[in-house]
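In what follows, a structure is listed as structure tokens, so that the remarks can point back to it.
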Number of protein chains: 2
Amino acid sequence: MKKNEEALKYYDLNKYRTPDGYTSDIAVFTIVDDEEDQNKKVLKLMLIKRSEIDAEGNPNIEGGKWALPGGFVRNDETAFEAAKRELAEETGVDHIHLKHFGVYDKPGRDPRGWIIANAHYAIVNEYYLEHRQAADDADDVQLFTLDEVFNLDLAFDHRKIIEDSIKWIKKDMAETTLARTFLPREFTIPELQKVILAVFYHKQIESNNFYKKLHKFDFIEEVKGENNEVKETRRNSKRPAKMYRFVDKERFVSIYL
Amino acid sequence: MKKNEEALKYYDLNKYRTPDGYTSDIAVFTIVDDEEDQNKKVLKLMLIKRSEIDAEGNPNIEGGKWALPGGFVRNDETAFEAAKRELAEETGVDHIHLKHFGVYDKPGRDPRGWIIANAHYAIVNEYYLEHRQAADDADDVQLFTLDEVFNLDLAFDHRKIIEDSIKWIKKDMAETTLARTFLPREFTIPELQKVILAVFYHKQIESNNFYKKLHKFDFIEEVKGENNEVKETRRNSKRPAKMYRFVDKERFVSIYL
DNA sequence: CTAATAGTGTCTATAAGACACTATATA
DNA sequence: TATATAGTGTCTTATAGACACTATTAG
């Protein structure tokens, strides 16, 4: 565009004060087996403990506190791409479900200056997190239940970010097929139920009636095998359970119906 | 915090490249009477036409194109506060419904440099927009229907931002009591119906059955007058209509029920 | 009385929710 | 055969959707 090139000659980049930093933070969630009740699953959040000293051996900002993983955005990527990159660096996995849910830019939120944080939530399969924990110093990365998390000493404004991330994950869980990201590609109905109950642990679902609602769930379908028979698995039980998969389908929910 | 003060001594702000600008843009929506069918309402978006030359008389970036109103965020405010301030400056109204829905930070989206845009949608009463249009140059600010908007020459990546804003307003309209922001504080059922249909103009609501759903709508209640009688209005019809108001109530919608 | 908008009643099909029951496997 | 998990059947009550109908005003 010629006209813009001309206009740029007159544009002064320094006319406005600019931020001192642009970061991406990620609330990494996973669902693991409940230790108290083997029949249940429980939602957990991964946090890192900020080291007391930085790479150069100097005291670290918010050192010793628990924080969301994250880092600075480069000028050749979006905040979303930065989150993806950082997550891959942390956990060593690609193809993780990631969603941007908010911006935290209140002046004074970071003692280092005017720093804008983009918040995302991620859903990672338990396996990768276990792997990562083993590989690294066990004191630095840990999984917490939502009850435990708020008893920790949290860095910056991460308490607020974590609260919001939980609100969003619950909302998306109820309104979209987000549950798919917690499940294997082919799953059973009881597995789906457990995931839903892990997030809505205060709610009840009549286990038996869930099956009857199935025909209304146009967002899942039975998995067929080679001879067009429905695939089954015995991984959770003696009696084989039918396998289902999610179908790409736009959902519409309304309070007015 | 003593520890952080100590740590700050060692922190170098210039370690990372920082953005060249941080802005807030606002998609301003209103609902006005449909000119073709007086019985309907229609959703419109306000856009401004960027002037060809800037205040100093130099050619303006993306001059002549239609754009969302907005501007740079100051370092003593959040992007949300900036949006609120700019909207107040533009329309002269406070207490406008405003919601942040996205960040646009793709490298190259703005020819001026690495500029991060925060997108919001706003809902403004028709009256204020009419007023504003009259006060200003009529060629510079205009209301467009959603069909008209995409035939315009739009500045920056505002086409994408507008598309997203429409998705969000529809989603929030269906899932929350956002409709309240388009309505007077006390409204009639037919008024509510028209607002919903203005946003979901492709959907049908059986006008008569809407009344039967009322008792389920725990988010609205009848407005009572002094003697505990239900308030009525005759502003739309000869026969008086009962008045309702929104009640603050958390909504929960789920695809699993 | 007519016209215009507000609001009800009624019927049928489908869905929700409670809960008792059956099915398929392993050990 | 016991037992653990998967899945059905049945009954009652609530809701959706179609559509015919009634109500209240101004002029």
Side-chain angles (χ1 to χ4, degrees), chain A residues 33-34 37-41 174 183-184 186-197 200 202-223 225 229-245 251-257, chain B residues 33-34 37-41 174 183-184 186-197 200 202-223 225 229-245 251-257:
Chain A
D33 286 327
D34 190 341
D37 183 347
Q38 289 301 127
N39 233 335
K40 284 187 179 172
K41 294 203 168 257
L183 288 164
E186 301 182 350
F187 57 88
T188 68
I189 298 306
E191 284 169 348
L192 173 59
Q193 275 191 76
K194 278 178 203 159
V195 166
I196 294 168
L197 284 173
F200 300 106
H202 53 287
K203 297 242 174 204
Q204 274 295 118
I205 306 183
E206 255 304 321
S207 163
N208 295 342
N209 287 332
F210 202 74
Y211 285 93
K212 256 182 298 185
K213 287 173 192 158
L214 277 184
H215 71 277
K216 266 200 0 192
F217 294 176
D218 52 355
F219 50 85
I220 63 174
E221 65 180 12
E222 290 175 336
V223 182
E229 85 290 5
V230 180
K231 265 178 125 184
E232 298 186 329
T233 181
R234 228 152 302 178
R235 62 187 173 217
N236 304 307
S237 60
K238 293 161 186 171
R239 171 166 178 181
K242 286 189 186 138
M243 307 258 273
Y244 290 80
R245 73 158 78 92
R251 301 294 312 158
F252 178 82
V253 278
S254 167
I255 58 173
Y256 304 103
L257 283 219
Chain B
D33 286 327
D34 190 341
D37 183 347
Q38 290 302 126
N39 233 336
K40 285 186 178 173
K41 295 206 167 255
L183 288 164
E186 301 181 350
F187 56 89
T188 68
I189 298 306
E191 283 169 349
L192 173 60
Q193 275 191 76
K194 278 178 204 162
V195 165
I196 294 168
L197 285 173
F200 299 107
H202 54 286
K203 298 240 173 205
Q204 275 296 117
I205 306 183
E206 254 305 321
S207 163
N208 295 342
N209 287 331
F210 202 74
Y211 285 92
K212 257 179 300 182
K213 288 172 191 157
L214 277 185
H215 71 277
K216 267 199 359 188
F217 295 176
D218 52 354
F219 50 86
I220 63 175
E221 65 178 14
E222 290 174 336
V223 182
E229 85 290 5
V230 180
K231 264 179 126 183
E232 297 186 329
T233 180
R234 228 152 302 178
R235 61 187 170 214
N236 304 306
S237 61
K238 293 160 185 171
R239 172 166 177 180
K242 286 191 185 134
M243 307 256 275
Y244 290 80
R245 72 157 78 93
R251 300 295 312 158
F252 178 82
V253 278
S254 166
I255 59 173
Y256 305 102
L257 282 219

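Quick note on labels: first sequence line is chain A, next is B, and so on, each numbered from 1. Both backbone and side-chain heavy atoms feed into the values below; hydrogens, waters and symmetry mates do not.
For B/Asn208, taking side-chain heavy atoms from C-beta onward, the closest of the listed nucleotides D/dG7, D/dA20, D/dA23 is D/dA20. Distances from the side chain of B/Asn236 to the nucleotides C/dG7, C/dA6, C/dT26 place C/dA6 closest. Side chain of A/His215, nearest nucleotide from C/dA15, C/dA23, C/dC19: C/dA15. Distances from the side chain of A/Arg234 to the nucleotides D/dT25, C/dG7, C/dT26 place C/dT26 closest. Looking at the side chain of A/Asn209, the nearest of the listed nucleotides D/dA6, C/dT5, C/dA18 is C/dA18. Nearest nucleotide to the side chain of B/Lys216, out of D/dT15, C/dA25, D/dC19: D/dT15.
One interatomic measurement links the two molecules: CZ of B/Phe210 to P of D/dA18, which rounds to 15 Å at whole-angstrom precision. Rounded to an integer number of Å, the gap from CG of B/Asp37 to P of C/dA4 is 14 Å. Distance A/Lys212 NZ to D/dC11 P: 12 Å, rounded to the nearest Å. Regarding A/Arg235, its CZ atom lies at a distance of 14 Å from the C1' atom of D/dA6, rounded to whole Å. As a whole-Å value, the separation of A/Tyr211 OH from C/dA18 C1' is 17 Å. One can place CE of A/Met243 at 17 Å from C1' of D/dG7, the figure rounded to the nearest angstrom.
Contact of B/Arg239 with C/dA6 (side chain to base): a donor-acceptor pair of N or O atoms is detected under 3.5 Å.
Remark: B/Lys238 is not in phosphate contact with C/dT2, judged by side-chain N or O atoms under 4.0 Å from OP1 or OP2.
The nearest heavy atom of DNA chain D to B/Lys213 and to A/Glu232 marks one nucleotide each, and the one closer to the 5' end goes with A/Glu232.
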